[in-house]
Protein chains: 2
Amino acid sequence: MAETDTETPRERYRTQVRAEIKEHAREQIATAGASALSLNAIAKRMGLSGPALYRYYAGRDDLITELVEDAYRSLADTLHAAAASGPDPRALAHAMRGWALEDPQRYLLIYGTPVPGYHAPDHVTVIANELMTTLLDACSATLPDGPVTPLDTHLANHRHWAADHPASPAVLHRALTFWTRLHGVLSLELAGHFAGMGFDPALLFAAELEDLLTDGGDPPTDHR
Amino acid sequence: MAETDTETPRERYRTQVRAEIKEHAREQIATAGASALSLNAIAKRMGLSGPALYRYYAGRDDLITELVEDAYRSLADTLHAAAASGPDPRALAHAMRGWALEDPQRYLLIYGTPVPGYHAPDHVTVIANELMTTLLDACSATLPDGPVTPLDTHLANHRHWAADHPASPAVLHRALTFWTRLHGVLSLELAGHFAGMGFDPALLFAAELEDLLTDGGDPPTDHR
DNA sequence: GCCGTTCGTTATAAGTTGTAACGCTCGTAA
DNA sequence: TTACGAGCGTTACAACTTATAACGAACGGC
């Protein structure tokens with residue numbers, strides 16, 4: 001940030017108002033979901049009239065896209081910080097769960113129901129790749145590398161998504177299951193599907209995590 | 001009136017129009033997502049004007065609720081049929097994936113991002129319980145019952161959701177992981193998060209399924 | 001101090017959900 | 001067969017929404 005002195009007052013004001021708009025949008029999404037986000041409501045809450053917001057965001061989609069990008073950025077930073085604290089993937093997993101529970105709608109903004117026509121801009125995919133990299137790093141540490149499964153050989157030939165990462169196919173496989181299993185528990189918990197069941201989702205999450213970390217030593221017999 | 005074994009013409013017409021409305025709604029949701037569902041658009045497509053639909057559905061929420069209920073019913077029937085074909089949970093899993101891929105938005109209508117304020121009516125929870133029962137049945141078949149994990153003991157004390165099902169805590173645990181792991185792969189696939197990665201989601205799904213079925217014999221050493 | 005960019009405003013268009021009031025139609029019952 | 005009434009579809013309206021256009025005012029760089 002060496003060149004912040006070149007910021008004109010106009011630019012400073014603009015970025016501040018944009019931040020304030022996003023703040024209200026976040027609050028609104030957290031309480032009523034992304035589908036209920038209303039530019040008009042935000043404007044009224046900020047003391048100005050509807051069309052004024054279009055000076056700052058091209059439209060509803062533009063605002064939501066930036067919120068998605070911020071969410072990705074926040075998750076990437078959180079996981080990166082957790083991974084930096086040590087080589088144990090447990091820290092990463094618990095950081096992920098904590099981040100998700102902190103604001104469920106923010107997690108669902110990334111991993112929830114997508115709009116069929118929508119395509120994420122490049123910024124987002126870049127951060128998603130960064131996320132994948134920290135996950136691969138964490139999964140590279142602890143692994144005895146058991147026998148090769150059919151999926152492993154397939155991933156060896158389709159590692160486009162981890163092109164520049166020096167990870168074995170088994171690590172790719174491990175990272176994917178790490179992702180999908182934790183997301184499986186987490187998304188169902190956040191969506192409220194465990195609500196009436198009575199058990200503690202944290203224990204299910206912990207059990208899945210332990211299974212992920214201990215299961216590597218003795219892979220399943222590949223009969224088929 | 002007392003013995004209306006045959007419905008009146010009015011009732012027949014009514015149910016037919018309701019079905020036609022739902023048909024258009026399904027199509028619309030499948031292509032543009034549930035958030036883009038418009039009663040007005042449906043009405044125009046059916047050749048009648050907006051408010052006419054309110055004779056058949058109290059509102060947008062009412063229509064969506066019935067679509068959710070239908071989706072649950074369809075999934076429950078599909079899984080029940082698959083489970084009836086044999087004791088192998090593989091059939092159930094592949095039936096689930098096939099059902100989801102057949103209409104992704106329908107799957108996401110059930111398991112996708114929920115609206116914070118919304119509470120599902122009793123019909124839905126009843127079908128959800130039915131779903132859980134067939135899953136528990138399928139998981140009861142093949143299981144060597146390894147050592148008891150912390151989650152197992154917790155589930156033994158919190159089996160409210162499977163009160164009338166004679167399943168061991170290990171089976172409850174197995175059913176939950178069956179659900180969460182398959183949903184983890186499936187939901188990420190349907191949401192398009194595997195899109196740019198290049199590998200085949202079907203293989204990841206199959207690998208998770210095989211791991212679920214073979215991992216039971218040698219449970220992880222519970223160190224901690 | 002001027003002048004132009006930027007901002008916020010009101011007005012407007014085209015949508016949406018949902019209610020109200022008015023006829024028409026059709027089935028039922030006498 | 002006729003008459004009645006429930007149900008259906010209509011238009012009109014209210015209260016929203018997103019989004020654009022045009023106007024005026026304020027603010028900052030020069």
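Being a predicted model, the structure only gives us computed values, none of them experimental. Proteins come first, then strands; the chains are lettered A, B, ... in the order of their sequence lines, and each starts at number 1.
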I need the CD1-C1' distance between B:Ile21 and D:dC8, as an integer number of Å. 12 Å

Please report the interatomic distance CG(B:Leu135) to CG(B:Leu172), rounded to the nearest 0.5 Å. 10.5 Å

If you only use heavy atoms from C-beta on, which nucleotide in C:dT28, D:dA26, D:dC8 is closest to the side chain of A:Arg10? D:dA26

From CG of B:Leu48 over to C1' of C:dT25, roughly how many Å is that when rounded to an integer? 15 Å

Rounded to the nearest 0.5 Å, what separates atom CH2 in B:Trp99 from atom CD1 in B:Ile110? 4.0 Å

Taken to the nearest whole Å, OH/A:Tyr57 to P/C:dC7 is 13 Å

Respond yes when some side-chain nitrogen or oxygen of B:Tyr13 is under 4.0 Å from OP1 or OP2 of D:dG9, and no when none is. yes

Looking just at side-chain N and O atoms, do A:His183 and B:Ser187 make a donor-acceptor pair shorter than 3.5 Å? yes

Quick one: is the NZ or CZ of B:Arg18 closer than 6.0 Å to the six-membered ring centre of B:Tyr56, and within 45° of its axis? no

Distance in angstrom units between B:Glu11 CD and C:dC26 P, rounded: 18 Å

Answer yes if the side chains of A:Tyr118 and A:Thr65 hold a donor-acceptor pair under 3.5 Å, and no otherwise. yes

A:Arg18 CZ to C:dC7 P, in whole Å, measures 11 Å

If you round to the nearest 0.5 Å, how far is CG of B:Asp200 from CD of B:Glu189? 8.0 Å

Contact class for B:Tyr56 vs. all strands (heavy atom < 4.0 Å): base, sugar-phosphate, or nothing? sugar-phosphate

C:dT10 phosphate, OP1 or OP2, under 4.0 Å from A:Ser49 side-chain N/O: yes

Below 30° counts as parallel, above 60° as perpendicular, anything between as tilted: where do the rings of B:Tyr111 and A:His193 land? tilted

Nearest whole Å is fine: how far is C:dA20 C1' from B:Leu53 CG? 17 Å

Would you give a per-nucleotide map of nucleotides 14-23 of chain D, 5' to 3', where B means the base has a protein non-hydrogen atom under 4.0 Å away, S means only the sugar-phosphate does, and - means neither? ---SBBB-B-

Expressed in angstrom and rounded to an integer, what is the separation of A:Glu7 atom CD from D:dG29 atom P? 12 Å

